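Have a look at the structure below, then the notes.
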Amino acid sequence: MTSSKTQYKSKRQQKLAQKQSLSKSFTHSTQTQFRDAERNFKSRLPPPTFDNVIDFYNLDQCSDEIKNKIMKIELKVELGKEDESEEKGNIFGDYNELKEGEDVIKGERKVAYLIKDIPGFIFIPNPFTPKVQKNIIKRCLKDFAKYPNKSNLDTHYILPKEGLWNLYEKGINSELNENDVIPLRASENRDKEKEEKVEEKAEPLPSPGVPILSPSQLIKKLRWVTLGYQYHWPTKTYHLDKRFSFPKDIELLTTFVIKSINGIKFIEKNENNGEQYFINDYDHKKWKPEAGVVNYYQLKDNLMAHVDKSEFNMEAPLISFSFGHTCIFLIGGITRDIAPIALYLRSGDISVMCGPCRANFHGVPRILEGTLPRYLEPNYDDDPEWKIYGDFMSTTRINVNVRQVF
Ligand SMILES: O=C(O)CCC(=O)C(=O)O
Ligand SMILES: [Fe+2]
């Protein structure tokens with residue numbers, strides 16, 4: 001995906017591009033390396049340089065520099081073969097049930113990749129069947145994005161208890177009635193709420209001028225939902241008194257991922273400084289998925305560089321699942337001055353940040369248009385139930401990331 005040649009449509013665009021590249025050369029010295037990488041991938045004009053992005057599905061086509069950074073390893077447990085004896089079934093999905101044209105790469109469910117420069121980062125290529133991916137996407141939109149889980153929309157809107165998706169579906173099916181409006185959260189009420197609950201962490205106040213929107217407009221503004229221990233974004237701490245049940249299916253997925261990476265390691269003799277190594281010494285029996293964030297990205301959205309450090313337990317891995325559109329994921333070091341590595345995360349891919357990598361800056365500077373897998377498109381097969389989800393996914397990437405707090 002290289003885009004070195006650009007055809008500018010107009011004089012105005014040419015000027016804009018010149019201005020952008022001038023301002024780039026002036027400000028570079030004061031920017032961090034992470035910021036530089038973000039700028040590259042966020043840029044629409046000129047388009048980003050994708051030359052150094054790691055593509056784990058096409059490593060053959062990557063430069064030698066990239067190939068030398070990557071280590072292919074074998075997982076301890078084959079994903080998709082887990083616990084059939086315990087009647088949990090095959091939680092990643094059964095490859096025997098794949099339909100014609102469902103273009104997943106079969107037989108790779110025991111493979112993962114490490115990046116030598118980023119000890120503790122593990123990439124697991126999509127082990128899910130399309131059917132299971134669709135099911136998790138439905139869960140994220142219909143089941144997780146609702147009371148009592150908090151979402152970014154709660155600051156400004158009083159969402160229906162049965163969830164926004166429910167109303168959105170009603171709207172699509174022309175079943176809305178006049179009671180189905182989503183009221184704004186008035187600031188006066190919020191002040192009263194605050195007085196009554198002095199002990200509680202203050203939530204951000206609704207800002208004036210927020211418009212009343214229809215369910216179909218509002219659903220596109222959904223950005224995050226929290227699972228398990230709810231997160232208080234203004235103070236970047238967990239609400240220890242607001243803990244809701246963690247979804248069993250997601251818990252099970254993470255448990256198998258944790259088992260599959262138990263004790264994995266790489267040790268390599270290195271010409272200059274002896275041995276380079278990483279061992280995942282986290283004991284898989286201690287894993288407790290206690291909190292999660294579901295991120296919903298529309299095509300223009302991004303997530304700035306950050307470190308997830310609100311958890312009391314920084315030894316436990318952070319597990320992240322991607323669905324829908326492909327993104328560029330940047331993973332750097334413990335400061336923004338360390339140049340990050342860019343990689344593609346595609347639908348179904350799993351990434352794990354464990355060990356030293358837990359303290360690393362990372363972010364999502366770009367969602368890539370036109371990358372929704374065929375099997376997630378609204379009219380891909382004759383599943384009428386998928387249509388509405390597929391429509392929504394035509395502009396969306398969903399990320400579920402799971403953490404242990406204590
Ligand atoms: O969307 C992603 O892949 C990353 C999300 C993330 O880093 C976070 O929610 O902390
Ligand atoms: Fe993060």
Side-chain angles (χ1 to χ4, degrees), residues 34 37-38 41-42 53-54 56 115 118 120-126 128 133 136-137 140-141 144-145 149-152 222-238 246 250 253-254 257 289-311 313-314 316-336 340-368 371-372 393 395-405:
F34 207 110
E38 284 177 327
F41 289 110
K42 279 181 175 175
V53 183
I54 303 177
F56 288 102
I115 305 174
I118 318 264
F121 182 80
I122 305 167
F123 175 89
I124 304 175
N126 169 31
F128 296 97
Q133 285 190 41
I136 301 173
I137 291 170
C140 290
L141 293 169
F144 302 159
N149 296 334
K150 283 171 171 291
S151 82
N152 64 302
L222 179 65
R223 292 290 174 275
W224 56 260
V225 160
T226 39
L227 306 173
Y229 279 116
Q230 300 296 292
Y231 194 64
H232 186 247
W233 298 91
T235 56
K236 297 198 166 76
T237 56
Y238 286 98
F246 196 90
I250 305 294
L253 289 174
T254 63
V257 171
E290 292 169 321
V293 183
V294 185
N295 292 297
Y296 306 82
Y297 298 83
Q298 293 299 304
L299 293 173
K300 298 264 165 356
D301 292 336
N302 59 70
L303 180 67
M304 298 283 286
H306 66 279
V307 179
D308 296 294
K309 54 181 176 194
S310 305
E311 295 70 33
N313 183 340
M314 288 292 283
L318 192 154
I319 304 179
S320 155
F321 301 96
S322 295
F323 301 102
H325 281 79
T326 302
C327 78
I328 297 284
F329 183 76
L330 293 176
I331 171 100
I334 54 170
T335 74
R336 286 186 180 84
I341 285 177
L343 51 109
Y344 296 108
L345 289 181
R346 295 192 171 84
S347 198
D349 291 345
I350 303 175
S351 56
V352 185
M353 292 167 69
C354 61
C357 173
R358 261 320 245 104
N360 288 6
F361 276 91
H362 58 279
V364 177
R366 184 85 179 232
I367 311 295
L368 298 169
T371 55
L372 188 73
M393 291 311 290
T395 57
T396 310
R397 168 178 183 260
I398 295 181
N399 164 264
V400 183
N401 70 79
V402 182
R403 302 109 190 261
Q404 174 161 345
V405 179

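Residue indices begin at 1 and follow the sequence shown. This one's a predicted model, so the numbers in the text were calculated from it and none came from an experiment. In listed order, ligands and their atoms are each counted from 1.
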Report yes or no: does N149 contribute a side-chain atom to a donor-acceptor pair with the main-chain N or O of F144 at less than 3.5 Å? yes

Short side-chain to backbone donor-acceptor contact, H232 and Q230, under 3.5 Å: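 Pair absent, no side-chain N/O of H232 close to backbone of Q230.
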
For ligand 1, which atoms have a heavy atom of [X] less than 4.0 angstrom away?
| X | answer |
| --- | --- |
| N399 | 1 (O), 2 (C), 3 (O), 4 (C), 5 (C) |
| R397 | 1 (O), 2 (C), 3 (O) |
| Y297 | 1 (O), 2 (C), 4 (C), 5 (C) |
| L303 | 5 (C), 6 (C), 7 (O), 8 (C) |
| D308 | 10 (O) |
| H362 | 7 (O) |
| R403 | 8 (C), 9 (O), 10 (O) |

So W233 and W224, would you call those rings parallel, tilted or perpendicular, with 30° and 60° as cut-offs? tilted

Should the ring pair F121 and F329 be called parallel, tilted or perpendicular, given that the plane angle runs from 0 to 90° and is split at 30 and 60?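 Rings of F121 and F329: parallel, under 30°.
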
Of N295, N152, D301, the one forming a side-chain hydrogen bond (donor to acceptor under 3.5 Å, both in side chains) with R223 is D301

Verdict with reasoning, Q404 to E311, per side chain to side chain contact (heavy atoms under 4.5 Å, CB included): CA-CA 7 Å; Q404 174 161 345; E311 295 70 33; over 6 Å; no

What atom name does the N, O or S atom of D308 nearest to the Fe ion (ligand 2) carry?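 D308's closest N, O or S atom to the Fe ion (ligand 2) is named OD2.
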
For ligand 1, note which part of M353 has a heavy atom under 4.0 Å away: side chain, backbone, both or neither.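 Under 4.0 Å from ligand 1, M353 contributes no heavy atoms.
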
How far is atom 8 (C) of ligand 1 from the closest protein heavy atom, and which atom is that?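 Protein heavy atom at minimum distance: N401 ND2, 3.4 Å.
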
Minimum heavy-atom separation for T396 and Q298, please, with both atom names.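 Closest heavy-atom pair between T396 and Q298: OG1-NE2, 3.1 Å.
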
Taking every heavy atom of P365 against every heavy atom of N302, the minimum-distance pair comes out as O-CB, 3.5 Å

Polar-atom distance check: S322 versus ligand 1, any N or O pair below 3.5 Å? no

